**Q** 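Handing you this structure, nothing more for now.
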Amino acid sequence: MKLLHIDSSILAGFSTSRILTKAIAAQWADQHPGTEVEYLDLAARQPAHFDQAAMSYRANKAEADLTDAERASKAETDALLQQFLRADVVVVGAPMYNFTIPTQLKAWIDRIAQPGHTFRYSAAGPEGLAKGKVVIVASTRGGAYSTSDMGQAMEHQESYLKTVFGFLGVTDVRIVRAEGLGMGDAARTAALSAAANDTQAAVAKVA
Ligand SMILES: Cc1cc2nc3c(=O)[nH]c(=O)nc-3n(C[C@H](O)[C@H](O)[C@H](O)COP(=O)(O)O)c2cc1C
């Protein structure tokens, strides 16, 4: 079994989501002997924004017709896409920044969301092609959003990730949540304890 461990926090040694993803990956590997872990640090190695050169990936241009920028972009897309496709389990560190995910994580999603590879459209509508994977999201946020209608309406982090992974065919998205991290020591302690419980549940759940 292959596990892809992804971090996207820009807070380096002060990051909470990095602590959570490390614990999730370690517990998963403990409970599933033989797990091979690949690591991707999106803050250390940011994918380029999905731009005009990146769109050539969808144009099926012959290799010889690609510009240097298009060739480099295609290689980046291919590498990230294949890495995602070969994973059975993906652990994603996803802090909330400005009500949504970090730009580095969005750039990665833009690379792996590729028609013909991870989704396709037919007369019946969209179909996700990355089926059979488990995604575990380590969600961290300074405020609390899960406990009120207003909070749930304001957050575009967990809800976005569930939508986009679902669109790509991943129906099993598990959330490990530490929220209220900026609301004082007691709230932070409670958040980390809740996340530890979520981690146990997420790792123990049978697909
Ligand atoms: C640039 C930036 C933007 C943030 N925006 C929000 C936000 O919109 N809502 C919120 O509740 N917390 C926000 N926070 C707080 C983070 O969600 C919190 O610090 C969390 O622990 C980040 O996870 P990390 O420690 O793994 O980076 C923000 C933090 C940063 C650095």
Side-chain angles (χ1 to χ4, degrees), residues 3-30 35 37-51 80 83-84 87 89-112 133-166 170 172-203 205:
L3 183 150
L4 175 58
H5 173 180
I6 301 176
D7 280 320
S8 65
S9 170
I10 56 172
L11 298 187
F14 298 99
S15 160
T16 303
S17 62
R18 285 173 183 267
I19 294 170
L20 299 184
T21 60
K22 200 170 169 190
I24 296 164
Q27 287 187 36
W28 186 280
D30 267 2
T35 299
V37 179
E38 258 191 88
Y39 182 61
L40 176 61
D41 188 337
L42 294 170
R45 193 184 155 279
Q46 315 185 161
H49 279 303
F50 199 80
D51 58 8
L80 293 171
Q83 184 184 48
F84 171 66
V89 183
V90 185
V91 177
V92 185
M96 177 187 277
Y97 295 157
N98 302 320
F99 302 101
T100 186
I101 58 170
T103 186
Q104 290 82 0
L105 183 54
K106 178 61 164 58
W108 177 77
I109 289 170
D110 289 342
R111 295 281 164 176
I112 65 159
K133 296 183 193 303
V134 173
V135 169
I136 306 178
V137 173
S139 159
T140 50
R141 36 215 200 184
Y145 297 83
S146 69
T147 48
S148 69
D149 289 346
M150 194 176 151
Q152 286 167 27
M154 285 166 67
E155 78 85 21
H156 305 282
Q157 170 210 19
E158 292 177 16
S159 55
Y160 169 69
L161 290 171
K162 281 186 195 156
T163 298
V164 75
F165 281 119
V170 182
D172 192 347
V173 179
R174 308 174 188 181
I175 304 288
V176 171
R177 178 186 302 124
E179 67 177 353
L181 291 167
M183 295 169 64
D185 289 346
R188 184 176 174 81
T189 303
L192 295 178
S193 162
N197 289 337
D198 286 353
T199 298
Q200 277 190 354
V203 169
K205 187 178 167 194

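Just follow the structure's listing: the first ligand is 1, and inside any ligand the first atom is 1. Just so it is clear, the model here is predicted, and its values are computed rather than measured.
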**Q** How long is the span from the CG atom in Leu3 to the CD1 atom in Ile136, to the nearest 0.5 Å?
**A** 7.5 Å

**Q** Mind checking what makes side chain to side chain donor-acceptor pair (under 3.5 Å) contact with Lys106, not counting sequence neighbours?
**A** Asp110

**Q** Examine Pro95 against ligand 1 and note whether any of their N/O atoms are separated by less than 3.5 Å.
**A** no

**Q** Who's the nearest protein heavy-atom neighbour of atom 29 (C) of ligand 1, and how far?
**A** Tyr97 CD2, 3.7 Å

**Q** Starting from atom 23 (O) of ligand 1, locate the nearest protein heavy atom and write down its residue, its atom name and how far away it is, to 0.1 Å.
**A** Thr140 OG1, 2.8 Å

**Q** What protein heavy atom sits nearest atom 8 (O) of ligand 1, and how far off is it?
**A** Phe99 N, 2.9 Å

**Q** Gly142 versus ligand 1: do any nitrogen or oxygen atoms come within less than 3.5 Å of each other?
**A** yes

**Q** Around atom 17 (O) of ligand 1, find the nearest protein heavy atom and jot down its residue, atom name and distance.
**A** Met96 O, 2.7 Å

**Q** Under a 3.5 Å cutoff, is there a donor and acceptor pairing between the side chains of Gln152 and Ser148?
**A** no

**Q** Side chain, backbone, both or neither: which applies to Leu181 and ligand 1 if a contact is any heavy-atom pair less than 4.0 Å apart?
**A** side chain

**Q** With a cut-off of 4.0 Å, which atoms of ligand 1 are near a heavy atom of Asn98?
**A** 3 (C), 4 (C), 5 (N), 6 (C), 7 (C), 8 (O)

**Q** Write out the residue and atom name of the closest protein heavy atom to atom 25 (O) of ligand 1, then the distance separating them to 0.1 Å.
**A** Thr16 N, 2.9 Å

**Q** What are the atoms of ligand 1, with element, lying closer than 4.0 Å to any heavy atom of Gly143?
**A** 10 (C), 11 (O)

**Q** With heavy-atom distances below 4.0 Å as the criterion, list the atoms of ligand 1 near Tyr145.
**A** 9 (N), 10 (C), 11 (O)

**Q** According to the interplanar angle, ranging from 0 to 90°, do the rings of Phe165 and Phe84 count as parallel (below 30°), tilted (30 to 60°) or perpendicular (above 60°)?
**A** tilted

**Q** State the atoms of ligand 1, each with its element, that fall below the 4.0 Å cut-off from a heavy-atom position in Leu11.
**A** 25 (O), 27 (O)

**Q** Hey, mind stepping through Tyr39 and His5 against ring pair (Phe, Tyr, Trp, His ring centres under 6.0 Å) and telling me if it holds?
**A** CA-CA 5 Å; Tyr39 182 61; His5 173 180; 4.7 Å; yes

**Q** Please report which non-hydrogen protein atom sits nearest to atom 24 (P) of ligand 1, along with the residue it belongs to and the distance in Å to one decimal place.
**A** Ser9 OG, 3.5 Å

**Q** Determine whether Gln200 and Gln27 satisfy the following criterion, side chain to side chain donor-acceptor pair (under 3.5 Å), listing intermediate values before the conclusion.
**A** CA-CA 8 Å; Gln200 277 190 354; Gln27 287 187 36; 5.4 Å; no

**Q** Side chains of residues 178-193: which donor-acceptor partners sit under 3.5 Å, not counting sequence neighbours?
**A**
| from | atom 1 | to | atom 2 | distance (Å) |
| --- | --- | --- | --- | --- |
| Glu179 | OE1 | Arg141 | NE | 3.2 |
| Glu179 | OE1 | Arg141 | NH2 | 3.3 |
| Glu179 | OE1 | Tyr145 | N | 2.8 |
| Glu179 | OE1 | Ser146 | N | 3.2 |
| Glu179 | OE2 | Ser146 | N | 3.4 |
| Glu179 | OE2 | Ser146 | OG | 2.4 |
| Arg188 | NH2 | Thr16 | OG1 | 3.2 |
| Thr189 | OG1 | Asp185 | O | 2.9 |

**Q** Between ligand 1 and Ser17, is the shortest N or O to N or O distance under 3.5 Å?
**A** yes

**Q** State whether the number of non-hydrogen atoms from other residues, nucleotides or ligands found under 6.0 Å of Asp149 atom CG is greater than 12.
**A** no

**Q** Assess, by modelled atom type and distance only, whether the side chains of Ser8 and Gln104 contain a donor and an acceptor separated by less than 3.5 Å.
**A** no

